[in-house]
Novice: 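Quick one: structure below, then a few questions.
Computed from a prediction, not measured in an experiment: that's the story for all the values here.
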Amino acid sequence: MEREAAITGSTEAVAAREAAIARSAEAIRLHSGHAILIEAGPEPVIERLARHERPAPDDPPELWAWTFVVKDMIDVAGLPTTRGSALYGSEEALTTAPCVRALERAGALLVGKANQHEFAWGVTSENPHWGDVRNPRHPHLSPGGSSGGTAAALAAGIARFGLGTDTGGSVRIPAACCGVVGLRPGAGAVPSEGVAPLAPMFDVVGPMTTSVADCARVWRVLSGEAVEPPDSLSGLVVGVAEGCAQAGEFAGLGAEVREIALPYDILPPYWTIVGAQARRTHEATYPRAAESYSEGVRRKLEGAGIGHREYRRAIEELAAVRARFCAEMSGVDLLIMPTLGGPAPRFGCDEAAVRGEVGRLTAVVSALGLPALAVGDLQVVGRREADVLRAGLCREARGGGVPEPR
């Protein structure tokens, strides 16, 4: 305790850390029936984490006493990584993913591993192995997926922020369903070492928070990039897709707004690539251990087998649509659109029946390879993470809230 006090400058800082852990523990207790965290072991994860040796924090520690959770696709030494599956998690991870280490060095306190859709492949986070994640803010709705446990942990007060993974919307869809904020960075912006894959061409790790300001702080730790809020969006051109309800707000912030059409023809090659890469990811266990998979993931894998010629053609088609859309968007600085492609999925719905509509907008953005910030059911898309964060910070500073799910 004395050592930590010396590092952080005061015994008050140590007390703040202990109080933050106590608040998380109480929230975990209050929401113990909501399957928000994966508890794989004989004692609660938060108690095991309390005994872990944590890295000496930076001076000053950017995120001192900020509690966080990580989706259980991400390794933490001494804890299992289940991937939301019955096939994994029998052994503890030997090392901690660099993205988690960076947060702990900044003084953040890991308090749990978040539940998710099995293998990070689905939009509801209903999980037959670890329990169906419930939405603390909107109990009649699904929490979204696949990072539903991370979003639910923030909505429940279990943690101040969290890490999710996003392939086709898995950070942004839960942010919309649970009324929080999620950032999908560009590929490679956050190291993927120690993170289980789904479809590596599109997999990214992204922060989830309850405000854009917090997201910018966490992003600075993960990337080293400081993002400050601009006074206005004057001089920017914002493309508006799908009749985005916040178009007037962006015009009020000084931006020029214009209607744009999204390139939905990018989705067939995108889904071909995702399916083929997911099938390759699972080749060691599927179909050999097919009985250990949920029916929903089995169906996805069964439809994912393609040959190398079809795969190569899909890669070429994806690149062509990206190039065409980039040319069409010359002079447009940002895009805004809803996060969800339709009404938020209801708890207990048929995931196969809703995932195409729910994820159609986030999937287009993933296919384009662009960074995106989900502020609830508002998605801001740009060429760089700093661009979307600045726009979100400007809107938040002017009183813009988190849009509710439809």
Novice: Quick check against the 3.5 Å criterion: does E396 have a side-chain atom that pairs as donor or acceptor with the backbone of V212?
Specialist: yes
Novice: Begin with the C-alpha distance, continue with both residues' side-chain angles, and end with the deciding distance and a verdict on side-chain contact (heavy atoms from CB on, under 4.5 Å) for F347 and E126.
Specialist: CA-CA 8 Å; F347 185 78; E126 294 183 0; 3.9 Å; yes
Novice: Quick check: does any side chain N or O of R137 sit under 3.5 Å from a backbone N or O of G179, one acting as donor and the other as acceptor?
Specialist: yes
Novice: Is the shortest heavy-atom distance from the side chain of V375 to the side chain of P403 under 4.5 Å?
Specialist: yes
Novice: In terms of relative ring orientation, are H282 and F119 parallel, tilted or perpendicular, with 30° and 60° separating the classes?
Specialist: perpendicular
Novice: Please tell me whether E118 and S294 have a donor and an acceptor in their side chains that are separated by less than 3.5 angstrom.
Specialist: yes
Novice: Within the side chain of W130, is there an N or O that forms a donor-acceptor pair under 3.5 Å with the backbone of S85?
Specialist: yes
Novice: If I compare all heavy atoms of P343 with all of E357, which pair ends up nearest, and what's the gap?
Specialist: CD-OE2, 4.0 Å
Novice: Might you point out which heavy atoms bring F202 and R184 nearest each other, and give the distance in Å?
Specialist: O-NH2, 2.9 Å
Novice: For the residue pair S292 and L87, what are the closest heavy atoms and their distance?
Specialist: CB-CD2, 3.6 Å
Novice: Would E26 and R29 count as a salt bridge (Lys or Arg N to Asp or Glu O under 4.0 Å) if you check the C-alpha gap in whole Å, the side-chain angles of each, and the deciding distance to 0.1 Å?
Specialist: CA-CA 5 Å; E26 176 62 10; R29 185 189 67 79; 2.5 Å; yes
Novice: So how far is it from T11 OG1 to E18 CD, rounded to the nearest 0.5 Å?
Specialist: 10.0 Å
Novice: For a 4.5 angstrom cut-off between non-hydrogen side-chain atoms, does L233 reach F250?
Specialist: yes
Novice: Using the salt bridge (charged side-chain N to carboxylate O under 4.0 Å, His left out) rule, pick out the option among E225, E385, E62 that qualifies with R220.
Specialist: E62
Novice: Measuring from atom OG1 of T281 to atom CG of D203, what distance do you get when rounded to the nearest 0.5 angstrom?
Specialist: 7.5 Å
Novice: So, do D387 and P371 sit near enough that their side-chain heavy atoms are less than 4.5 Å apart?
Specialist: no
Novice: Check whether more than 12 heavy atoms from other residues, nucleotides or ligands sit under 6.0 Å from atom CZ of R280, and answer yes or no.
Specialist: no
Novice: Please confirm whether the backbone N or O of P338 pairs with a side-chain atom of E242, one donor and one acceptor, at under 3.5 Å?
Specialist: no
Novice: Do the non-hydrogen side-chain atoms of L318 and M201 ever get within less than 4.5 Å of each other?
Specialist: yes
Novice: I74 and C99: which non-hydrogen atoms are nearest, and at how many Å?
Specialist: CG2-SG, 4.2 Å
Novice: So do the side chains of V364 and Y270 get within less than 4.5 Å of each other, counting heavy atoms only?
Specialist: no
Novice: Is there a donor in the side chain of T165 and an acceptor in the side chain of K71, or the other way round, less than 3.5 Å apart?
Specialist: yes
Novice: side-chain contact (heavy atoms from CB on, under 4.5 Å) between R322 and I266: does it pass, once the steps are laid out?
Specialist: CA-CA 8 Å; R322 282 183 172 182; I266 204 170; 4.0 Å; yes
Novice: For S146, is there any backbone N or O sitting under 3.5 Å from a side-chain donor or acceptor partner on S170?
Specialist: yes
Novice: Quick one: do V240 and I260 satisfy side-chain contact (heavy atoms from CB on, under 4.5 Å)? Show the steps, please.
Specialist: CA-CA 6 Å; V240 180; I260 61 100; 5.8 Å; no
Novice: Taking D377 for the side chain and L340 for the main chain, is one N or O donor matched with an acceptor at less than 3.5 Å?
Specialist: yes
Novice: Kindly indicate, with the supporting measurements, whether the criterion side-chain contact (heavy atoms from CB on, under 4.5 Å) is fulfilled by L262 and L361.
Specialist: CA-CA 9 Å; L262 295 176; L361 299 178; 3.7 Å; yes
Novice: How close do V388 and V380 get, heavy atom to heavy atom, and via which atoms?
Specialist: CG1-O, 3.3 Å
Novice: Should V218 and L103 count as side-chain neighbours, where that means a heavy-atom distance under 4.5 Å?
Specialist: yes
Novice: Is it true that a side-chain atom of T339 and a backbone atom of L378 form a donor plus acceptor pair closer than 3.5 Å?
Specialist: yes
Novice: Rounded at 0.5 Å granularity, tell me how far SG in C178 sits from CE in M208.
Specialist: 7.5 Å
Novice: Less than 4.5 Å apart, any side-chain heavy atom of L163 and any of T150?
Specialist: no
Novice: Pick from N115, T81, T82: which one makes a side-chain hydrogen bond (donor to acceptor under 3.5 Å, both in side chains) with D72?
Specialist: T82
Novice: Tell me, do T209 and F68 make a side-chain contact under 4.5 Å, heavy atoms counted?
Specialist: no
Novice: Between CH2 of W66 and CG of L109, what distance do you get to the nearest 0.5 Å?
Specialist: 12.0 Å
Novice: To the nearest 0.5 angstrom, please state how far the SG atom of C177 sits from the CG atom of L141.
Specialist: 6.5 Å
Novice: If the threshold is 4.0 Å, N to carboxylate O, is there a salt bridge linking R390 and D333?
Specialist: no
Novice: Regarding R279 and E283, does a basic nitrogen lie under 4.0 Å from an acidic carboxylate oxygen?
Specialist: no
Novice: What pair of heavy atoms forms the shortest contact from P136 to I36, and how long is it?
Specialist: CG-CD1, 4.1 Å
Novice: Just by distance, with hydrogens left out, do S366 and R172 show a side-chain donor and acceptor under 3.5 Å apart?
Specialist: yes
Novice: Any chance you could measure S142, atom OG, to R134, atom CZ, to the nearest 0.5 Å?
Specialist: 10.0 Å
Novice: If only atom types and distance count, is the side chain of D166 paired as donor or acceptor with the main-chain N or O of V204 below 3.5 Å?
Specialist: no
Novice: Taking R101 for the side chain and T96 for the main chain, is one N or O donor matched with an acceptor at less than 3.5 Å?
Specialist: yes
Novice: Using a 3.5 Å distance criterion without hydrogens, assess whether the side chain of E351 forms a donor-acceptor pair with backbone atoms of G296.
Specialist: no
